[in-house]
Amino acid sequence: MKIIVIGAGIGGASAGIALIRLGHEVVIYDRMRENHPVGAALSLWSNGVKVLNWLGLADEVAALGGRMDTMAYRDGLSGETLCEFSLAPVTSATGQRPYPVARADLQQLLMTTFGLERIHLGKEVVAISESGDQVTVTFADGSTDSGDLLIGADGARSLTREYVAQGLAPIERTYSGYTNFNGLIATNSAVGPPDQWTTYVAGGKRCAVMPVAGGRSYFWFDVPQPAGLPYDRAEGIAPLEEAFGDWAPGVKELLSSIDPATSLNRVEIWDIDPFHTWVRGRVAILGDAAHNTSPDIGQGACSALEDSFALGILMATNTVSVQDTLLRYQKVRSERAGELVLRTRKRGDETHGYDPAVTQAWYDGLRTEDGSGIMRGIIGNITESPVNLGGGVL
Ligand code: FAD
């Protein structure tokens, strides 16, 4: 079968690997001209790592992953430790250690594993059509390609989603109320221990560091603010100094460790209400195109990987028809992914001070937390994954 994938991100590249390993002819098109992932790093929770293991990349991903043994919350202003505990229960409950990884490293691994010669960059899809048993994409340069199946892994502003959801109520993005700044620094123990995910919180704002491979740490800052504020890259960390300049010494140390010229990204955070139409004819959406979520529980890319897992298993096991396989994929994935979007949104609302009393109650709870409540939440996000339960895939 010839399969066209739009988008070479984590979703498209992982789906591509799963499908090519089943013996299909797969080609990926992406409008980007070079591999430039948005964002510096991400946490791959055990469900996401398990999919990468299933794709045959266990050793490679372990080599890219930071060693994250403990987790701590600190008061942003005083630096006082509110709670600190081991992350070992995540590994023992799920059977897989989670890894923070640099995005560029993961992206490069996925693209080279899929085969760079099968990825065509600088190809923007502008139209999709179906006729008989073929689906055709038209590119901005006027060229076309046709296949038996099309996977739209074209991200949060997906064109494929528009095609699939034609005739339904418009699917709109919702602003999550904050802007995220992120990047990589050389690991600095004055910010947090090298093997710890350390988060500073106060006034609805937060910043954190997590280890990735190579003596580096992923950092991020969340700043609640309206959407659409102007920002010029030349401003560098000025907005962070304004928002966090009077925070604890560990945060000041983090600010002074950032090199804005080499590693600083700024992204407004939006999500999309869950929706359950992911398939039309021989076309399906996958990843952020199907379930754009805020990063508050670090499950967006993990969900995209779950999609690739489910699609791969279903393509390997169903023989009735392409459409039947895609509809089963939609059925097993849309509810689970949508539920994670809502879970993430709830967590973002709780932590960003939109209702100061709710966020204060969360801070108060952190002071008495022994880790068990937070572990329950993280493990709960993972264990309902189809990679652990079967989830109706078979
Ligand atoms: P994308 O990465 O957006 O890829 C889509 C690709 O499609 C792009 O390369 C684009 O160029 C291409 N494309 C789009 N339109 C077209 C077109 N018309 N023609 C051709 N190509 C097209 N997730 C986690 O699991 N853990 C985390 O810790 C985490 N942290 C995050 C932190 C932040 C700040 C953000 C914003 C997100 C985070 N996420 C995290 C979510 C994660 O980044 C996304 O869920 C994931 O990258 C989505 O991958 P994707 O392949 O679906 O989409």
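Order of listing sets the numbers, starting from 1, for every ligand and every atom in it. Treat the numbers as computed from the prediction; the structure is a model and nothing was measured.
- Residue-to-ligand polar distances place Arg103 within reach of ligand 1: an N/O pair is separated by less than 3.5 Å.
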Identify every side-chain donor-acceptor pair in residues 1-11 under 3.5 Å, counting partners at least two apart or on other chains, and give the distances.
from	atom 1	to	atom 2	distance (Å)
Lys2	NZ	Asp145	OD1	2.6
Lys2	NZ	Asp145	OD2	3.1
Lys2	NZ	Ser146	O	3.1

**OP:** For the pair Arg282 and Asp133, evaluate side chain to side chain contact (heavy atoms under 4.5 Å, CB included) and give the outcome as yes or no after the intermediate values.
**Re:** CA-CA 8 Å; Arg282 293 175 166 266; Asp133 56 6; 3.5 Å; yes

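- For ligand 1, the atoms sitting less than 4.0 Å from at least one non-hydrogen atom of Pro295 are 30 (N), 31 (C), 32 (C), 33 (C), 38 (C), numbered in the order shown with element in parentheses.
- Between Phe181 and Tyr231, a ring centre-to-centre spacing shorter than 6.0 Å is recorded.
- For ligand 1, the atoms sitting less than 4.0 Å from at least one non-hydrogen atom of Lys123 are 19 (N), 20 (C), numbered in the order shown with element in parentheses.
- Residue Gly155 has at least one heavy-atom neighbour below 4.0 Å for each of these atoms of ligand 1: 3 (O), 5 (C), 53 (O).
- Within a 6.0 Å radius of CD in Gln134, other residues, nucleotides and ligands contribute more than 12 heavy atoms.
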Worksheet item: Would Asp105 and Val212 satisfy side chain to side chain contact (heavy atoms under 4.5 Å, CB included), going step by step from the backbone distance to the final call?
Response: CA-CA 10 Å; Asp105 294 353; Val212 300; over 6 Å; no

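- Across the listed options Val5, Asp30, Asp307, Asp30 owns the non-hydrogen atom lying nearest to atom 8 (C) of ligand 1.
- Checking only distances, Val125 does come within under 3.5 Å of ligand 1, N or O to N or O.
- The shortest N or O to N or O distance between Ala301 and ligand 1 is under 3.5 Å.
- Atoms of ligand 1 lying under 4.0 Å from at least one heavy atom of Gln299, given by number and element, are 24 (C), 25 (O).
- When the heavy atoms of Asp288, Ile297, Ile128 are ranked by distance to atom 48 (C) of ligand 1, first place goes to Asp288.
- A 6.0 Å sphere centred on CD of Gln360 holds more than 12 heavy atoms belonging to other residues, nucleotides or ligands.
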Legend entry - Ser46 and Val90: CA distance, side-chain angles, deciding distance, side chain to side chain contact (heavy atoms under 4.5 Å, CB included) verdict: CA-CA 8 Å; Ser46 314; Val90 176; 3.6 Å; yes

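- Atoms of ligand 1 lying under 4.0 Å from at least one heavy atom of Gly300, given by number and element, are 23 (N), 24 (C), 25 (O), 41 (C), 45 (O).
- The number of heavy atoms from other shown groups lying within 6.0 Å of NZ (Lys252) is above 12.
- Taking distance alone, with nitrogen or oxygen atoms compared against 3.5 Å, Asn180 stays at or beyond that limit from ligand 1.
- Nearest-residue assignment for atom 49 (O) of ligand 1 (options Gly11, Gly287, Ala290, Ala13; heavy-atom criterion): Gly11.
- Within 6.0 Å of CZ on Arg157 lie no more than 12 heavy atoms contributed by other residues, nucleotides or ligands.
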* To do: Could you walk me through whether Val191 and Thr198 pass side chain to side chain contact (heavy atoms under 4.5 Å, CB included), step by step?
  => CA-CA 8 Å; Val191 184; Thr198 309; 6.0 Å; no

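- Below 4.0 Å from some heavy atom of Ser43 lie the following atoms of ligand 1, by number and element: 24 (C), 25 (O), 26 (N), 27 (C), 28 (O).
- Of the candidates Asn292, Ile269, Thr293, it is Ile269 that places a heavy atom closest to atom 36 (C) of ligand 1.
- Heavy-atom proximity to atom 29 (C) of ligand 1, evaluated over Asp154, Leu159, Leu42, is greatest for Leu42.
- Scanning for side chain to side chain contact (heavy atoms under 4.5 Å, CB included) contacts around Ser143 gives Lys123, Phe139, Asp141, with sequence neighbours left out.
- Contacts between Ile6 and ligand 1, counted as non-hydrogen atom pairs separated by less than 4.0 Å, involve the side chain only.
- Note: an N/O pair closer than 3.5 Å links Arg31 and ligand 1 by distance alone.
- Looking at ligand 1, you'll find an N or O of Ile10 within less than 3.5 Å of one of its N or O atoms.
- Ring centers of Phe221 and Trp247: at least 6.0 Å apart, outside the cut-off.
- Ligand 1 is never approached by Arg157 to a heavy-atom distance shorter than 4.0 Å.
- Near Ala153, with a cut-off below 4.0 Å to any heavy atom, the atoms of ligand 1 are 5 (C), 6 (C), 7 (O).
- At under 3.5 Å, a nitrogen or oxygen of Gly298, whether backbone or side chain, sits near a nitrogen or oxygen of ligand 1.
- Using bins of under 30°, 30° to 60° and over 60° for the plane-to-plane angle, the ring pair Tyr178/His352 lands in the parallel bin.
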